[in-house]
Amino acid sequence: MTDIDTSNLDFIRTIVAKDLAAGKNDGRLVTRFPPEPNGYLHIGHAKSICLNFGLAQEYPQGVCHMRFDDTNPEKEEVEYIDSILADVKWLGFDWGDNLFYASDYFDQLHDYAVELIKMGKAYVCSLSGEEMRQYRGTLKEPGRESPYRNRSVEENLDLFRRMKDGEFADGTYVLRAKIDMAAPNINLRDPIIYRIRKVHHHRTGDKWCIYPMYDYTHCLSDAIEKVTHSLCTLEFADHRPLYDWFLDTLQTPCHPQQIEFARLNLNFTVMSKRKLMQLVQEGFVSGWDDPRMLTISGLRRRGYTPAAIRNFCATIGLAKRESRIDMGVLENAIRDDLNDRAPRRLAVLKPLKVVITNYPEEKEEELEIANHPKDASLGSRMIPFCREIYIDRDDFMEEPAKKFFRLAPGREVRLRAAYFITCQEVIKDNSGEIIELRCSYDPASRGGSSPDGRKVKGTLHWVSARHALDAEIRLYDRLFNKENPEDDPEVDFKENINPESLQILSHCKLEPALAQATANDHFQFERVGFFCLDRKEGSPKRPLFNRTVTLRDTWAKLVKR
RNA sequence: UGGGGCGUCGUCAAGCGGUAAGACACAGGCCUUUGACGCCUGCAUUCGUAGGUUCGAAUCCUACCGCCCCAGCCA
């Protein structure tokens, strides 16, 4: 074998590199991403997608198949197929012509089953579900053989044909592999390979009333597609002997290698499709694409980019030990991507009016501001300025705390790309709430610096009151307020939902340029965070922005202490 | 002694017998017309525990401890 450098490769990539170097599988590399179309894809799937498609991309001959594991028509829907395809594509991956469905193989799978029966390796069993469970034994005790285990090949063939022909009711018969009822691995205790289900299948219609089980279908589908490396999560490790048994017993085109890795867990969220489904169906969120959901569609709507998700998947690593990644790592990935690319804008979330008393009433002017502080290629734009502006309430303190260097009575600060202003007067309503600030400006500081070299410590974002776009902004926080919402089996995970995960702000003030935003744009609202137009409810007529993620906020951290 | 998997920094994660990478987080500092970004510095005498082999062990051996998965006609 040639020596290859496997440093910095995860354990799966190391196996693949070695296999390829050794000329295994004729030098082919074929992976597959095999979702069941029974729900929407989430960030955990992204890990698998990036692994399977990403790995294939790393070699010139690498190919990754998109294959739906659609063997349980009762739970599957075309809606899910469509969304899954759209999500994988959006993430930036391409399966070319390799779009497959396990249901495409139902004929072959049926023939293989007949083969198994002829070999005396499968039999039709008439045990009821309850009986089946009893015969299976327990984790510590071996199972007992079914009384139907030794039916003749002819009888099995006949019964299986009649199962297929719809002669029997659901649940009356199953086809089982004849392996070993005493096997310590329960998956080997004569597992079911076909069950009767007289239901319509979203792809094969009413052609079949018997449907193959996962264990039987998956390995054979892999073999039919000549997959070389079949990557799946840890819980399938116990199924590997069965995967291998079918492929060793039957004459198949090849024998793919199943390798298991740890699934992704993130803190402050749940990751199973079943639980996400509950959140949707019980109305805890607005849908699968609610921006608080860590579904691919939710992340997209929230403003995450494909590159950020791919980078995230690359940084979390791949191993067999179970882990729980900090949500901060995901947030860091999107900040990192958007920081380089997102044009800057000025937006005031909690407006506080400022009147610049020495600025003429009728005067208006336009000031130039760069779209990005470090990337001149993003150009610049003009922002209007006049006597009345808005600043954020958080940027003023009547009695400034220590180290607070924003606006306060008598203090001078800079309005970003505009002027230095000094607070002269604080206006309050009857209840004592501050409703307006009266400031003076220094005309010589136009653009944001003073010719006399005077320094100010704070720079505030602002929006011209006369020109501002009135908008709704939705702030999102983690959906759960507990690091692991599922850790207590006594408590329903939904009890740990964060009641403040969605905060709606109306009458936010945006600079006029934001009126042109489309759902595919990403912006940094300076000093606040990254935002995008909501792709579902937002439009030029209805400015509605989602906060993708906040900026890192050292001041907020100081305040907390 | 049911079977399978796993235990390296707060969180991920390299390491594969030659003397603990990297990332995030955290703490300081520099820079700054975003308290952002960027930059610099610090951050495991120790690898679940205990023995053993060895000149040398996170890496090999033994025993123990802990965590996860499996008894769907789900995937």
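Each chain gets a letter, A, B and so on, in the order the sequences are listed, and its residues count up from 1.
Taking every side-chain heavy atom of Leu551(A) into account, rU34(B) is the closest of rG35(B), rU34(B), rA75(B). You'll find that the side chain of His239(A) is closest to rA75(B), out of rA75(B), rG3(B), rA71(B). Side chain of Asp238(A), nearest nucleotide from rC70(B), rG35(B), rU33(B): rC70(B). When the nucleotides rA75(B), rG35(B), rU34(B) are ranked by their closest atom to the side chain of Tyr214(A), rA75(B) comes out on top. Of the candidates rA36(B), rC68(B), rC74(B), the closest approach to any side-chain atom of Glu36(A) belongs to rC74(B). Side-chain proximity of Arg416(A) to the nucleotides rU34(B), rC24(B), rU33(B) is greatest for rU33(B). Comparing rG35(B), rC74(B), rG4(B) against the side chain of Met213(A) picks out rC74(B) as the nearest. Of the listed nucleotides (rU33(B), rG38(B), rC70(B)), rU33(B) has the atom at the smallest distance from the side chain of Ser449(A). Minimum atom distance to the side chain of Asp336(A) is reached by rG38(B), of the listed rU34(B), rC12(B), rG38(B).
Between Arg195(A) and rA75(B) there is a side-chain N or O to OP1 or OP2 distance below 4.0 Å. The phosphate of rC26(B) has OP1 or OP2 within less than 4.0 Å of a side-chain N or O from Lys557(A). The side chain of Arg552(A) contributes an N or O atom lying less than 4.0 Å from OP1 or OP2 of rA25(B). Under 4.0 angstrom from either OP1 or OP2 of rU8(B) there lies at least one side-chain N or O belonging to Arg321(A). OP1 or OP2 of rG35(B) sits under 4.0 Å from a side-chain N or O of Arg527(A). Contact between the side-chain N/O atoms of Thr71(A) and the OP1/OP2 oxygens of rA75(B) is found at a separation under 4.0 Å.
Nucleic acid contact class of Phe405(A) (heavy atoms, under 4.0 Å, all strands): base. Contacts of His461(A) with the nucleic acid, taken as non-hydrogen atoms under 4.0 Å apart, are absent. Asn339(A) comes within 4.0 angstrom of the backbone, heavy atoms only, and of no base. Within 4.0 Å of Tyr173(A), counting heavy atoms only, lies no atom of the nucleic acid at all. Among the heavy atoms of the strands lying under 4.0 Å from Ile316(A) are primed sugar atoms or P, OP1, OP2 only; no base atom is included. Within 4.0 Å of Val174(A), counting heavy atoms only, lies at least one base atom of the nucleic acid. Arg197(A) comes within contact range of at least one nucleobase, with a heavy-atom separation under 4.0 Å. Across all strands shown, Leu318(A) has heavy atoms under 4.0 Å from sugar-phosphate atoms exclusively, and none from any base. No engagement by Glu74(A) is indicated, since no non-hydrogen atom pair under 4.0 Å with the nucleic acid exists. Heavy atoms of Phe68(A) sit nowhere under 4.0 angstrom from any nucleic acid atom. In this structure, Ala319(A) reaches the sugar-phosphate backbone alone: every heavy-atom distance under 4.0 Å involves primed, P, OP1 or OP2 atoms, never a base.
Across the interface with RNA chain B, nearest-nucleotide mapping of Glu141(A) and Thr172(A) shows Glu141(A) to be the residue nearer the 5′ end. Residues Trp555(A) and Glu235(A) both approach RNA chain B. Their nearest nucleotides, taken by heavy-atom distance, put Trp555(A) toward the 5′ side.
For the pair Arg345(A) and Phe523(A), the NZ or CZ position fails the cation-pi test of under 6.0 Å to the six-membered ring centre and within 45 degrees of the ring normal. Annotation: cation-pi geometry not satisfied between Lys482(A) and Phe268(A) (NZ/CZ under 6.0 angstrom from ring centroid, within 45° of ring axis).
For the pair Leu264(A)/Ile325(A), a side-chain contact is recorded, criterion being any heavy-atom separation below 4.5 Å from C-beta on.
One C1' atom belongs to rU11(B), the other to rC43(B), and the distance between them is 14 Å to the nearest Å. As rounded to the nearest Å, rC47(B) and rU8(B) have P atoms that lie 11 Å from one another. Rounded to whole Å, the P atom of rC31(B) lies 15 Å from the corresponding atom of rC40(B).
The pairing partner recorded for rU32(B) is none, the criterion being a Watson-Crick or G-U wobble arrangement whose two distances lie under 3.5 angstrom. Taking a pair to require two hydrogen-bonding distances under 3.5 Å in either a Watson-Crick or a G-U wobble arrangement, rA57(B) remains unpaired. Of all nucleotides present, none satisfies the Watson-Crick or G-U wobble test against rU46(B) with each distance under 3.5 Å. Base-pair partner of rA75(B): not found among the strands shown (Watson-Crick or G-U wobble, both distances under 3.5 Å). Summarising the base pairing, rG10(B) is matched to rC24(B) through a Watson-Crick or G-U wobble pair whose two defining distances lie under 3.5 Å. The partner of rC67(B) is rG5(B), by the rule that a Watson-Crick or G-U pair needs both atom distances under 3.5 Å.
Ring pair Phe168(A)/Tyr173(A) is tilted by interplanar angle, where 30° to 60° counts as tilted. The aromatic rings of Tyr214(A) and His218(A) lie tilted to each other, with the angle between the two planes from 30° to 60°. Using cut-offs of 30° and 60° on the angle between ring planes, the pair Phe100(A) and Tyr105(A) is tilted.
Per the geometry, CD1 belonging to Ile193(A) stands 14 Å off P belonging to rC74(B), to the nearest Å. Atom C1' of nucleotide rC67(B) and atom CG of Leu234(A) are separated by 12 Å, given to the nearest angstrom. One can place CD1 of Ile369(A) at 10 Å from P of rU34(B), the figure rounded to the nearest angstrom. In this entry the distance linking NZ of Lys320(A) with P of rG4(B) reads 12 Å, nearest Å. Across the protein-nucleic acid pair, Asn185(A) atom CG and rC69(B) atom P stand 16 Å apart, rounded to whole Å. If you measure from atom CG of Leu264(A) to atom P of rA13(B), you get 10 Å, rounded to the nearest angstrom. For Asp10(A) and rG22(B), the CG to C1' distance is 15 Å, given to the nearest whole Å. Following rounding to the nearest Å, Arg446(A) (CZ) and rU33(B) (C1') show an atom-to-atom distance of 15 Å.
Arg381(A) and Ala370(A) make their closest contact through NH1-O, 3.4 Å (heavy atoms, listed as atom of the first residue, atom of the second, distance). Of all heavy-atom pairs between Val78(A) and His202(A), the closest is CG2-CB, 3.9 Å.
For Arg344(A) against rU34(B), a side-chain N or O and a base N or O form a donor-acceptor pair under 3.5 Å.
The stretch residues 127-139 of chain A comes close to RNA chain B through Leu127(A), Ser128(A), Gly129(A), Met132(A), Arg133(A), Arg136(A), Thr138(A), Leu139(A), each having a heavy atom under 4.0 Å from the strand.
A donor-acceptor pair under 3.5 Å is formed between the side chain of Asn185(A) and the backbone N or O of Asp238(A). Side-chain atoms of Arg162(A) never come within 3.5 Å of backbone atoms of Glu167(A) as a donor-acceptor pair (strictly under, hydrogens ignored). Tyr135(A) places no side-chain N or O within 3.5 Å of a backbone atom of Met181(A) that could act as its donor or acceptor partner.
Of the residues Phe531(A), Trp462(A), Phe530(A), the one that meets the ring pair (Phe, Tyr, Trp, His ring centres under 6.0 Å) test with Phe525(A) is Phe531(A).
Base orientation of rG35(B): anti, since the glycosidic angle falls outside 90° of 0.
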